[in-house]
Engineer: 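Just dropping this structure here.
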2 protein chains.
Amino acid sequence: MAREETGRIRRPAAARREQILAVAADAFAIAGFRGTSLAEVAQKVGVSQPGLLHHFSSKEALIIAVLQQRDLQDEQYVEAQFAGTETTTREWLMAFCRRNETQPDLVRLFTVQAAESLDPAHPAHDFFYQRNQRVRNRIAQLIEADQAKGRLLSSLDPAAAAAELVSLMNGLQLQWLRDPAIDMCGLFEASLLRLENHPNTVTPLVEPPQAEA
Amino acid sequence: MAREETGRIRRPAAARREQILAVAADAFAIAGFRGTSLAEVAQKVGVSQPGLLHHFSSKEALIIAVLQQRDLQDEQYVEAQFAGTETTTREWLMAFCRRNETQPDLVRLFTVQAAESLDPAHPAHDFFYQRNQRVRNRIAQLIEADQAKGRLLSSLDPAAAAAELVSLMNGLQLQWLRDPAIDMCGLFEASLLRLENHPNTVTPLVEPPQAEA
DNA sequence: GTCTATAAAATGATAGAC
DNA sequence: GTCTATCATTTTATAGAC
């Protein structure tokens with residue numbers, strides 16, 4: 001009814017941008033940056049391809065915007081949980097893991113882009129390098145705090161342990177995306193507990209059948 | 001001298017195939033399957049694009065051939081080291097890790113393709129699913145043998161530990177490719193030792209400066 | 001803010017000669 | 001075994017109207 005003769009639907013720029021970001025995130029998560037065309041994204045948004053480029057000046061600008069937005073949302077969500085409160089390394093990491101478990105699409109976006117962007121010519125190359133450093137530093141920080149409180153052995157090298165935990169998390173995500181029966185968070189927690197010197201902990205590989213929701 | 005008038009260079013089919021596989025492996029490792037064009041590969045080989053397609057009927061056939069060849073070579077190399085001999089989980093995995101450390105291009109090929117192939121529409125989707133199952137089973141097997149010999153706690157779930165170790169290895173590879181200063185094998189071995197109930201082991205994050213070769 | 005039209009380049013694949 | 005020629009698509013991006 002509110003349409004104009006040609007069937008065009010105008011939207012506030014901000015809303016349209018959000019919509020494009022959501023659709024693009026999905027597409028990039030599945031086929032990667034290079035395997036996704038602007039026309040495909042535009043069609044799913046319900047807009048012409050030049051219409052899309054009105055909001056993001058290029059394909060590169062789009063992928064960067066997608067990654068930055070999702071990254072920010074995610075970090076804020078978890079950090080907000082512990083605002084002011086003191087946290088352990090395990091609690092903090094498990095909060096991320098559990099959140100990830102509810103958002104396979106987001107995990108897939110970052111897993112695929114992280115690998116694709118190893119190419120220095122990839123538009124998100126620097127983004128991922130810096131993000132990785134940031135995350136590793138944050139975890140090393142948490143580990144040091146745990147050590148100061150006697151919750152982790154002080155013989156542990158914080159930077160090394162942080163690199164290992166990030167690696168494990170990334171690798172588990174890949175496994176889980178390939179085979180969702182994998183109990184990503186269970187395996188991760190088991191490993192964290194072992195790091196806390198509880199070597200006898202065991203977890204099943206596959207999640208137990210869920211009770212009815 | 002042995003050229004024909006047009007500058008064409010004929011080669012035995014087998015040799016040309018090998019050459020193409022090598023060049024293609026490199027290209028797919030850097031830009032992925034979707035980011036690599038046949039023309040690009042052909043040019044680096046020194047052949048026309050239809051000339052390339054004479055040896056591999058399609059782009060899909062090429063990526064599959066590349067992955068299968070590299071996978072086979074690699075598995076054989078490591079398995080040959082332990083032919084007949086008895087091995088521990090740690091020794092076997094470390095042999096892989098050390099070999100990988102000498103072949104960043106190969107590691108990159110598999111890391112990038114593993115992520116890209118999460119898409120069910122990717123030609124190597126099934127290849128990676130099956131490869132992953134095979135590797136996890138093999139490791140679980142080694143863990144069981146270690147448990148039988150008392151080298152690993154029998155409270156450990158072999159399948160779960162195998163999934164965790166594969167994940168850690170994959171994740172460390174990604175970290176290492178992004179930042180070669182990471183001591184991939186050192187971190188991996190530290191984790192394996194912890195699994196063997198030596199919680200006090202420490203490794204530096206960065207490799208010590210190398211003595212002159 | 002969105003469209004149509006279109007440019008300009010690249011891509012995977014085929015036909016047919018040598 | 002390799003090439004030239006060529007096709008049908010697809011892709012990113014721009015120009016300009018509404």
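Below, read A as the first sequence line, B as the second, and so on, with proteins coming before strands; counting in each chain starts at 1. Keep in mind it's a predicted model, so treat the numbers as computed, not measured.
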Engineer: Closer than 4.0 angstrom, basic N to acidic O: yes or no for B:Arg194 and A:Glu164?
Structural biologist: yes

Engineer: With rounding to the nearest 0.5 Å, note down the distance linking OG in B:Ser167 to CD in A:Gln175.
Structural biologist: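 So the gap between those two atoms works out to 4.0 Å.
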
Engineer: For DNA chain C, what residues of residues 118-126 of chain B have any heavy atom nearer than 4.0 Å?
Structural biologist: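 Close to the strand, none.
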
Engineer: How many Å lie between CG on B:Leu52 and P on D:dC3, as a whole number?
Structural biologist: 10 Å

Engineer: Which residue pairs pass the salt bridge (Lys or Arg N to Asp or Glu O under 4.0 Å) test with at least one member in residues 41-51 of chain A, sequence neighbours excluded?
Structural biologist: A:Glu40-A:Lys44

Engineer: Indicate the atoms forming the closest heavy-atom contact of A:Val41 with A:Ala27, along with that distance.
Structural biologist: CG2-CB, 4.2 Å

Engineer: What distance separates B:His125 NE2 from B:Gln113 CD, expressed to the nearest 0.5 Å?
Structural biologist: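 Going from NE2 on B:His125 over to CD on B:Gln113, the span is 13.5 Å.
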
Engineer: Rounding to an integer number of Å, can you tell me how far B:His54 NE2 sits from D:dC3 P?
Structural biologist: 11 Å

Engineer: Which listed nucleotide (D:dC3, C:dT2, C:dT4) is nearest to the side chain of A:His55?
Structural biologist: C:dT2

Engineer: Do we see a donor-acceptor contact under 3.5 Å between the side chains of B:Glu18 and B:Gln69?
Structural biologist: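 There is such a pair (donor and acceptor under 3.5 Å, judged by atom type) between the side chains of B:Glu18 and B:Gln69.
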
Engineer: Taking DNA chain D as the partner, which of residues 14-30 of chain A come within under 4.0 angstrom of it by heavy atom?
Structural biologist: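 Contacting residues: none.
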
Engineer: Give me each pair satisfying salt bridge (Lys or Arg N to Asp or Glu O under 4.0 Å) with a member in residues 106-133 of chain B, each pair once, sequence neighbours excluded.
Structural biologist: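 Applying salt bridge (Lys or Arg N to Asp or Glu O under 4.0 Å) to every pair that reaches into residues 106-133 of chain B, excluding sequence neighbours, yields B:Arg34-B:Asp119, B:Asp71-B:Arg131.
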
Engineer: To the nearest 0.5 Å, how far apart are CG in B:Leu109 and CD1 in B:Ile30?
Structural biologist: 10.5 Å

Engineer: Run the side chain to side chain contact (heavy atoms under 4.5 Å, CB included) test against B:Gln141 and tell me which residues pass, sequence neighbours left out.
Structural biologist: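 Per chain and number, B:Gln141 pairs via side chain to side chain contact (heavy atoms under 4.5 Å, CB included) with B:Arg138.
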
Engineer: Strictly under 3.5 Å: I want the nitrogen or oxygen pairs between protein and nucleotides 9-12 of chain C, one per line.
Structural biologist:
| residue | atom | partner | partner atom | Å |
| --- | --- | --- | --- | --- |
| C:dT11 | OP1 | B:Ser37 | OG | 3.4 |
| C:dG12 | OP1 | B:Lys59 | NZ | 2.9 |
| C:dG12 | OP2 | B:Leu38 | N | 2.9 |
| C:dG12 | N7 | B:Gln49 | NE2 | 3.3 |

Engineer: Looking at the side chain of A:Val47, which of C:dC3, C:dG1, D:dT2 is the nearest nucleotide?
Structural biologist: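 Closest nucleotide to the A:Val47 side chain: C:dC3.
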
Engineer: What distance do B:Arg16 atom CZ and B:His54 atom NE2 have between them, rounded to the nearest 0.5 Å?
Structural biologist: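 Answer for the CZ-NE2 pair, B:Arg16 versus B:His54, is 10.5 Å.
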
